[in-house]
Amino acid sequence: MTKVQEDRPVLPTRQDEVAAAGSELIGGPMGRYARLGGHWLTPVRVIVLVAIGMFALGMVQKLPCYDWAWFRGAGSQYTHACYSDIPHLYVVRGFADGLTPYFDRLPGDMQYLEYPVLTGLFMQVASWLTPTGGSMQHREQMYWMVNAGMLMACAAVIAVCVARTHRRRPWDGLLFALAPAFALTATINWDLLAIALTAAGMLMWSRGRALAFGILIGLATAAKLYPVLLLGPLFVLCWRAGKWREFGLATFGAVASWLVVNLPVMLYARDGWSKFYTFSQERPIDFGSVWLLISQRSGNPLEGANTYATGLTLLLCAAIGLLGLTAQRRPRFAQLVFLVVAVFILLNKVYSPQYVLWLIPLAALARPRWRDVLIWQTCEVAYFLGIWYYLAYTTSGEKHQGLPLEGYQLAIAAHLIGTLYLCAVVVRDILLPERDVVRQDGSDDPSGGVLDGAEDRFVLANATRAPQEATPSEGPLVEWGVTRE
């Protein structure tokens, strides 16, 4: 591959039939002699503008709730599929009354804010920026608007990071920016904060900045629990490539930044700080989970869901680690991260509609194929509509307006099947790397940083794997714990 070819961005319309067909809306695929570059409207800027536009469309979709449905009973916000936690928690978590998260007790059974510390700070900053005059309805509306503005900034950060993580594939960022589930769920809760920090961390890792990656992942974990899972795939891949120094720097940065955020609250408001962890542990099986589906279909309450969920998650994560150590070619970082986070989502005790946001940027990096992502997104949109119409059914009394239980169970099944389908094609790409669209141009692991192009130092051999010698500069290759010179 020449230097010019290495620097030229990959055009999805020349690789992906769905992208080519979709491009007809704006004039068709780019021609062979089209001039690339030299214009202020770069791919990254286009993707950011598209993401902001989709975010704005999501805000428009929430208008019925913003105008009246959030404030006139539960049913209307479900029938319009525009529910959001943000305005409701402004009141019931004490922000409207000026209470300080974690330090001040809340009235009622919740006692303290049940969110990680950095998300609590995000919520508090938004409350400081919210005007205090006018009716409570007006204040709730303004609080949602302030949060929407802050979350829009997070969405722009995610778009930039996804577009820049794979240097030659910036247009894959459109898989995030144009995702229907992104627009529909962006302002339900505060998940975009943790996702932005995670996406920024993955960008730093792709540039070889292990310490910066760790710091950002630690901050992301201080906002939401799932980003800490990224250290598992990183451990496996660094073990295989012998990159222990970089893994150590990443782990140190993650632990240090998490402690900087959490330690003050942990020391001075321990009961409030621990609420998130006790709430997560004690929470029963809830909407959207596979455990709820099993319980409803069997007609029996499922005891020990915590044990089952934890045990199966650990088992499947171990299987993903084994896959990373035995695959013929070392998997890409984004592929293993996607699989681990997907397992966490699939086996969680609850699946809130906005959890899909965790996977969208990872899917764009792990499997940048429009057909597969759109199949998955269709299933997620079906679940998004299913949960709200089911809640409308349960709150409509004798009218029974909405989706009955059997329909909601089909919506849960659609979410599970769609996510499993995307996991399956990612696993196939790992086992058959020639099917991986990212590697078809000769790339190894554009999101891998120091792993990109690195030789294997430790591999668990399997029957289908051809022996691979290490270069003298990289040292001996270890297979099954036996050193081969």
Side-chain angles (χ1 to χ4, degrees), residues 12 43-44 46-55 58 151-167 169-207 213 216-217 219-221 223-231 233-234 332-345 352-370 372-374 376-377 380 418-419 422-423 425-426 429 437-438 445-449:
V44 174
V46 169
I47 291 164
V48 170
L49 290 174
V50 171
I52 291 173
M54 288 292 286
F55 189 98
L151 292 171
M152 182 183 287
C154 293
V157 170
I158 298 167
V160 170
C161 293
V162 173
R164 298 188 63 186
T165 296
H166 292 175
R167 291 180 185 269
R169 301 185 62 91
W171 291 109
D172 290 343
L174 283 176
L175 289 163
F176 164 74
L178 285 172
F182 158 61
L184 292 170
T185 64
T187 57
I188 290 179
N189 203 279
W190 293 270
D191 295 63
L192 285 180
L193 171 63
I195 299 166
L197 291 167
T198 303
M202 293 191 69
L203 175 61
M204 290 298 100
W205 180 261
S206 73
R207 300 298 188 262
F213 163 82
L216 287 163
I217 292 303
L219 293 175
T221 306
K224 206 77 179 178
L225 185 60
Y226 87 90
V228 73
L229 298 173
L230 272 69
L231 295 178
L234 192 65
R332 293 189 290 109
F333 180 44
Q335 290 175 320
L336 289 194
V337 169
F338 175 85
L339 291 175
V340 168
V341 176
V343 163
F344 182 71
I345 285 176
S352 297
Q354 75 273 8
Y355 288 4
V356 66
L357 293 169
W358 305 359
L359 285 178
I360 296 175
L362 300 177
L365 299 174
R367 179 60 182 171
R369 192 75 172 172
W370 280 90
D372 297 326
V373 172
L374 288 175
W376 168 58
Q377 283 290 288
E380 293 296 339
T419 306
L422 202 54
C423 289
V425 293
V426 171
D429 287 349
V437 294
V438 174
D445 186 2
S447 63

Novice: Using a 4.5 Å cut-off on heavy atoms from C-beta on, say whether the side chain of Ile217 contacts that of Thr198.
Specialist: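 Yes. Closest side-chain heavy atoms under 4.5 Å.
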
Novice: Please confirm whether the backbone N or O of Val228 pairs with a side-chain atom of Thr221, one donor and one acceptor, at under 3.5 Å?
Specialist: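 Pair found, side chain donor or acceptor close to backbone of Val228.
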
Novice: Run the side chain to side chain contact (heavy atoms under 4.5 Å, CB included) test on Thr187 and Met152 for me, step by step, so that the C-alpha distance in whole Å, both residues' side-chain angles and the decisive distance to 0.1 Å come before the verdict.
Specialist: CA-CA 9 Å; Thr187 57; Met152 182 183 287; over 6 Å; no

Novice: Run the salt-bridge test on Arg169 and Asp172 with the 4.0 Å N-O cut-off and return the result as yes or no.
Specialist: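 Judged by the 4.0 Å cut-off on N to carboxylate O distance, Arg169 and Asp172 do form a salt bridge.
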
Novice: Might you point out which heavy atoms bring Met54 and Leu178 nearest each other, and give the distance in Å?
Specialist: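 Taking every non-hydrogen atom into account, CE-O, 3.7 Å.
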
Novice: Which atom names give the shortest non-hydrogen contact between Val341 and Leu229, and what distance separates them?
Specialist: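 In this case the closest contact between Val341 and Leu229 is CA-CD1, 4.4 Å.
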
Novice: In the structure I gave you, are the side-chain heavy atoms of Ile195 and Cys154 within less than 4.5 Å of one another anywhere?
Specialist: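 A side-chain contact is absent here, since even the closest heavy-atom pair is not under 4.5 Å.
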
Novice: Taking the inter-plane angle between the rings of Phe182 and Phe176 on a 0 to 90° scale, is it parallel (under 30°), tilted (30 to 60°) or perpendicular (over 60°)?
Specialist: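 Phe182 vs Phe176 ring planes: tilted.
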
Novice: Which heavy atom in Leu365 sits nearest to a heavy atom in His166, and how many Å separate them?
Specialist: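 So the two residues come closest at O-CE1, 3.3 Å.
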
Novice: Only pairs at least two apart or in different chains count here, so list each salt bridge (charged side-chain N to carboxylate O under 4.0 Å, His left out) that has a residue in residues 176-205.
Specialist: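 Residue pairs with at least one partner in residues 176-205: Asp191-Lys224.
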
Novice: Testing the basics here: between Val356 and Pro353, what is the closest heavy-atom pair and its distance to 0.1 Å?
Specialist: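 Heavy atoms of Val356 and Pro353 come nearest at CG1-O, 3.3 Å.
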
Novice: Looking only at heavy atoms, which two atoms of Phe213 and Gly201 are closest? And how far apart?
Specialist: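 In terms of heavy atoms, the two residues are closest at CD1-O, 3.0 Å.
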
Novice: Of all the heavy-atom pairs spanning Ala177 and Ile47, show the shortest one and how long it is.
Specialist: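 Scanning both residues completely, I find the closest heavy atoms to be CB-O, 3.7 Å.
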
Novice: So does Ala366 get a backbone contact from the side chain of Arg332, meaning a donor-acceptor N/O pair under 3.5 Å?
Specialist: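 Yes, because the side chain of Arg332 sits within donor-acceptor range (under 3.5 Å) of the backbone of Ala366.
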
